[in-house]
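Quick caveat: nothing in here was measured; it's all calculated off a predicted structure. Remember, it's 1-based here, ligands and their atoms both numbered in the order they're listed.
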Amino acid sequence: MSNPGLTSGNVVALAGGVGGAKLAHGLAAHLGDRLSVIVNTGDDFEHLGLSICPDIDTVLYTLAGIANRAQGWGIEGESWSFLDQLGRLGGPDWFRLGDRDVALHVLRSLRLRAGEKLTAVNSGFARRLGIAATVLPMCDEPVRTVVATPDGELPFQDYFVRLRCEVPVTGFRFDGVERAGPSREVLAALRDPDLSAIVICPSNPFVSIDPILSVPGMRAELGRAPVVAVSPIIAGQAVKGPAAKMMRELDMPAIALAVARRYAGFATGFVIDHADAAQAQEIEALGMKVLATDALMRDEADRARLAGECLAFAEMLHHG
Ligand code: FO1
């Protein structure tokens, strides 16, 4: 599928979680191997002796067309014999690992233990899964999102999955990020002379996009092409996940404008839903152009449509 909006050039997308993976999928439909996706690794954790990278796996499975359609993460048509038996034996079964999914975690853990870098391990899986786009961890060093709550700190997956985001958040920190740096492959993608757009996908700004932006040196790399950010908030709601709840708990209005304020330093364009068109003027006052469209991705056609609109928007920003 060719997109009239972007006739040439390469694109880098920043993504985490299910919403980010969906737009990355739409971008991949237009761009194929001209797309690189820089993925959040702050959700990663060690579980059952396995190194698990949920956001990378969600992007891999989504771009491979095998992601579970209803929940966005995990594999469609998965079986659960492993987890069933694990529970019977008294193991922790709160983090649902399907049989096919476990194969990837086992292989990744083996290859990391053998000393391979996370980027190399994942590019191997992307190739095996037939993905044309380049899927890049934001860095090769371990970074762990820690959620601050009134009763103390929680590892991210304990907050997100075990406690189902039910505790109020007071802040986040990205353990290890100060010792991290954009990988060679991330720098190459962001310094590509043919780079024509950077897309900040509609992921959670706090726990999916911020970890990527917090990697030392990353933000400074975002100035070489128009940066189009897509609001993860539509009409005061997150399409999926706790972003709106987090905003309220952090005393912010859960509106697209509040997300735009976080991206004002580096985004040149901001994509909102028609429902939020009344906020366009205030967002433009932040120094960004605004595109109001149907920002909801209900199906694969929506993903490609929204992606095409983002690319055309970036093209317009490129030529002023
Ligand atoms: N999310 C859940 O809400 N419940 C789960 O049991 C769960 C298991 C899981 C297994 C593998 C994987 O790659 C992702 C998984 N996720 C699960 C999603 C995960 O929590 C991600 O961190 C979220 O998508 C947020 O980015």
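- With hydrogens and angles left out, the side-chain atoms of Glu185 and Thr134 include no donor and acceptor closer than 3.5 Å.
- The number of heavy-atom neighbours closer than 6.0 Å to CZ of Arg184, taken from other residues, nucleotides and ligands shown, is 12 or below.
- With respect to atom 6 (O) of ligand 1, the closest heavy atom belonging to the protein is Arg96 N, 3.0 Å.
- Atom CZ of Arg262 is surrounded by more than 12 heavy atoms from other residues, nucleotides or ligands within 6.0 Å.
- Taking atom 9 (C) of ligand 1 as the reference point, the nearest protein heavy-atom neighbour is Phe95 CZ, 3.3 Å.
- Scanning the protein for heavy atoms near atom 13 (O) of ligand 1, the closest one is Pro54 CA, 3.3 Å.
- With hydrogens and angles left out, the side-chain atoms of Asp194 and Asn10 include no donor and acceptor closer than 3.5 Å.
- Counting heavy atoms from C-beta on, the side chains of Val11 and Leu311 come closer than 4.5 Å.
- Under the 4.0 Å criterion applied to side-chain N and carboxylate O atoms, Arg173 and Glu153 are assigned as salt-bridge partners.
- With a 4.0 Å heavy-atom cut-off, ligand 1 is reached by the side chain of Gln157 but not by its N, CA, C or O.
- The shortest N or O to N or O distance between His105 and ligand 1 is not under 3.5 Å.
- Any N or O atom pair closer than 3.5 Å counts here, and Asp43 shares at least one such pair with ligand 1.
- For atom 11 (C) of ligand 1, the closest non-hydrogen atom of the protein is Asp101 OD2, 3.3 Å.
- Of all the atoms in ligand 1, the ones that sit under 4.0 Å from a non-hydrogen atom of Asp57 are 13 (O).
- The closest protein non-hydrogen atom to atom 23 (C) of ligand 1 is Phe160 CE2, 3.5 Å.
- When hydrogens are left out, the protein atom nearest atom 17 (C) of ligand 1 is Trp73 CE2, 3.4 Å; that is the closest non-hydrogen contact.
- Within a 6.0 Å sphere centred on CZ of Arg298, other residues, nucleotides and ligands contribute more than 12 heavy atoms.
- None of Lys117, Arg108, Arg127, Arg111 except one satisfies the side chain to side chain donor-acceptor pair (under 3.5 Å) rule with Asn122; the exception is Arg108.
- Between Asp44, Asp55, Asn204, it is Asp55 that holds the heavy atom closest to atom 24 (O) of ligand 1.
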